[in-house]
There are 2 protein chains.
Amino acid sequence: MVEMTGIVDVAARAGVSVATVSRALRGLPGVSDATREQIRQIAAELGYVASPSAAALPTGRTGAVAVVSPVATTGWYFNAVCEGAQEVLAANGFDVLRYDLSEVETNRRRVFDTQLLRKRVDALLLTSLPLTPEEVEALHAMNRPVMVVGPIVSGLPSVRIDDVEVGRMATEHLVGLGHREIAFAGGDPDDQLGFPVSPDRRIGYAEVLREVGVEPDPALTVPAKFTVEAGVAAFAELWARDVRPTALFAASDEVAMGAMHEARRHGVRIPEDLSVVGVDDHDMSWLFGLTTVAQDVRAEGRIAAGTLLEALRSGIAGETTVTTVPTELIVRSSTRPAGQSAS
Amino acid sequence: MVEMTGIVDVAARAGVSVATVSRALRGLPGVSDATREQIRQIAAELGYVASPSAAALPTGRTGAVAVVSPVATTGWYFNAVCEGAQEVLAANGFDVLRYDLSEVETNRRRVFDTQLLRKRVDALLLTSLPLTPEEVEALHAMNRPVMVVGPIVSGLPSVRIDDVEVGRMATEHLVGLGHREIAFAGGDPDDQLGFPVSPDRRIGYAEVLREVGVEPDPALTVPAKFTVEAGVAAFAELWARDVRPTALFAASDEVAMGAMHEARRHGVRIPEDLSVVGVDDHDMSWLFGLTTVAQDVRAEGRIAAGTLLEALRSGIAGETTVTTVPTELIVRSSTRPAGQSAS
DNA sequence: CTGAAAGCGCTTACAG
DNA sequence: CTGAAAGCGCTTACAG
């Protein structure tokens, strides 16, 4: 092992005890300004940095927070949350440990092994993760601040958007353009956990349709996870059902992108033959001219991280509050008034 | 602090010393099978997991590796590398700490503060990071395994693709289609560090052009960082120069996407008026029908992580070897023979 | 095969 | 304002 300057080196060089060095460097009271300044100088010269492992032992604080997300593949959304969180965490000297739950079984056990994670991080940030009641229980037992970004999870504080409202905004836009035969693509048929995001968006969609006197047609609803591939499959399914809606509300931009791609493959022009609205304002959505209900995912990550830091600082577990951040309709070129099929 | 079962609890319950528990659980020799099995059982019952911080102190091993990437914004590529790396790292029980170098000045200092990082992680994985000689020096001084994914960095082992060959493949494809006026978009004009990726791709491009008797025209080369926005700007620049190439080789798919978008805005049809080739096979490239020189970025991350684990396991610093992974041309609909402008 | 004990590098009452 | 000392939860020679 190469020389690693430790606290004793600094203490020796400064002619004080390690206790004083520890207090001085961490800004604790009870150190004269002169001494503190001198110690700082020496620490800087020596390039001394306290070992997080060593500091974690007596304090129980690791200086790290975990960001847990499902299936790495789903990509953009989770990375954006993580980027936002990481931004504020790093600025506050915290490390971030990323846990991706790809192989469902294995990794889930690992992540929610309270012992494991509790010894590793001071707080947890979960992104759009379906959780069982037992898992929520385990998280509480961890006795560490937890935030979830995405859905409301009973018993856990979260940062989210109003998904029903999202569904309303998208559908109102389409309805306002005169569309009445509007398909909905979203919802994971394999979801056993009642993950509410897509269902809520669908509720908003259904509400608005009924408000204009249209009963939502089950034949116009197709399931789709939050991926481009699911969007492709969703449109294919609609097409196979022989329904020909004039508009499509996709539960996410990625779903919308896939659906648009598949639609074009069938000779359906967008927006001439089909108007499409997505959700998220994915980084690439503007390239597709995609109209979307935008959310600031990175900001959500930042807010969640900030709340976590606050809880850590105050030592208070934090209320189980739900912070709802605003969304905004961004109209681009994938939507247009109904009945204008002839360009 | 809530009850955290520690090694003493397990030892007490098993009626053995903590030393034996430590050895048994880590699979070290010198423990009878019966004892080991019993200890395992008890540890499982109690949900005991060794504290990484506590274990790190005597061993100097944190069980974590850092994945360092520049500017979070550049997105896809770095996330893909990280996903690949994380996959193998997590499978081997390692945590991954992500460091994004967004605010250049500040974070760079932070990350390359050898003391800081050395006390935090056992190994380092750098993605496409321009490094100064001093930084390479600092990395060596850290005395920890380091791998870089992307460019060859003198003195550091890396996993990369043959960028000159990439340039050749893309250009040969276009030349083979009969194109001779081929633009190149790539290279960061602000780069002070001689980051070789784009320049190498350009070398391959120039080589192939010369081989068919065409002297590369400086007017057909425009700078572009690896972003969609840069691609937009690059095409705009070409357009402003009043050059009208029949094909464009973009240094990355994101650049290509931006360029295609801007081209269409100017009424340039793809591929009728302009053939476009990118590099990477970005997750979304197929949606654009983009012809590209594909690389398996996640695999590169996996390989780099595997090498790191091997170095950690063997204790050997590892050769400064360069692993070159293959690339493959994927032809889609953004390229077509020259001179077929009339559709 | 197993244990007692020192030590890893910090932090934190407790004294002074 | 400052220091001596115990302790955080492990690992690892060293004995036996």
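Numbers restart at 1 for each chain; the letters A, B, ... are given by sequence-line order, proteins then strands.
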Which whole-number value in Å describes the distance from [X] [atom1] to [N] [atom2]?
{"X": "A/M4", "N": "C/dG7", "atom1": "CE", "atom2": "P", "answer": "19 Å"}
{"X": "B/I7", "N": "C/dG3", "atom1": "CD1", "atom2": "P", "answer": "12 Å"}
{"X": "A/I39", "N": "C/dT11", "atom1": "CD1", "atom2": "P", "answer": "12 Å"}
{"X": "B/L25", "N": "D/dT11", "atom1": "CG", "atom2": "P", "answer": "9 Å"}
{"X": "B/L28", "N": "D/dC14", "atom1": "CG", "atom2": "C1'", "answer": "16 Å"}
{"X": "A/L57", "N": "C/dT11", "atom1": "CG", "atom2": "C1'", "answer": "10 Å"}
{"X": "A/R120", "N": "D/dC10", "atom1": "CZ", "atom2": "P", "answer": "12 Å"}
{"X": "A/Y48", "N": "C/dT11", "atom1": "OH", "atom2": "C1'", "answer": "10 Å"}

Shortest side-chain distance from [X], nucleotide among [options]:
{"X": "A/S17", "options": "D/dG3, D/dC10, C/dT12", "answer": "D/dG3"}
{"X": "A/K119", "options": "D/dC10, C/dG3, C/dT2", "answer": "D/dC10"}
{"X": "A/A19", "options": "C/dT11, D/dG3, C/dG3", "answer": "D/dG3"}
{"X": "A/A55", "options": "D/dT12, D/dT2, C/dC10", "answer": "C/dC10"}
{"X": "A/S51", "options": "D/dT11, C/dT2, C/dC10", "answer": "C/dC10"}

Is the distance from OP1 or OP2 of [N] to the nearest side-chain N or O of [X] less than 4.0 Å?
{"X": "A/S32", "N": "D/dT2", "answer": "yes"}
{"X": "A/R23", "N": "D/dG3", "answer": "no"}
{"X": "B/S22", "N": "D/dT11", "answer": "yes"}
{"X": "B/R26", "N": "D/dT12", "answer": "yes"}
{"X": "B/T35", "N": "C/dT2", "answer": "yes"}

Give none if C/dA13 has no partner; otherwise give the nucleotide forming a Watson-Crick or G-U wobble pair with it, both distances under 3.5 Å. none

For D/dA4, which nucleotide in any strand shown is its Watson-Crick or wobble partner with both distances under 3.5 Å? none

Look at all strands and tell whether A/G30 reaches a base, only sugar-phosphate, or nothing, counting heavy atoms closer than 4.0 Å. base

Heavy-atom nearest nucleotide on DNA chain D for A/R36 versus A/P58: which residue maps closer to 5'? A/R36

Verify the neighbour count for atom CG of B/D33: are there more than 12 heavy atoms of other residues, nucleotides or ligands below 6.0 Å? no

Under 3.5 Å, side chain of B/R120 to main-chain N/O of B/A66, donor-acceptor pair present? no

So does B/E45 pair up with B/R13, basic N to acidic O under 4.0 Å? yes

Going by atom types only, do A/R160 and A/T323 share a side-chain donor-acceptor pair under 3.5 Å? no

One pair to check against side-chain contact (heavy atoms from CB on, under 4.5 Å): B/D122 and B/V65. What are the steps and the verdict? CA-CA 6 Å; B/D122 299 334; B/V65 355; 5.7 Å; no

Residues A/A55 and A/P58: closest non-hydrogen pair is O-CD, 3.5 Å

Take B/A54 and B/D33, find for each the nucleotide of DNA chain C with the closest heavy atom, and name the residue whose nucleotide sits nearer the 5' end. B/D33

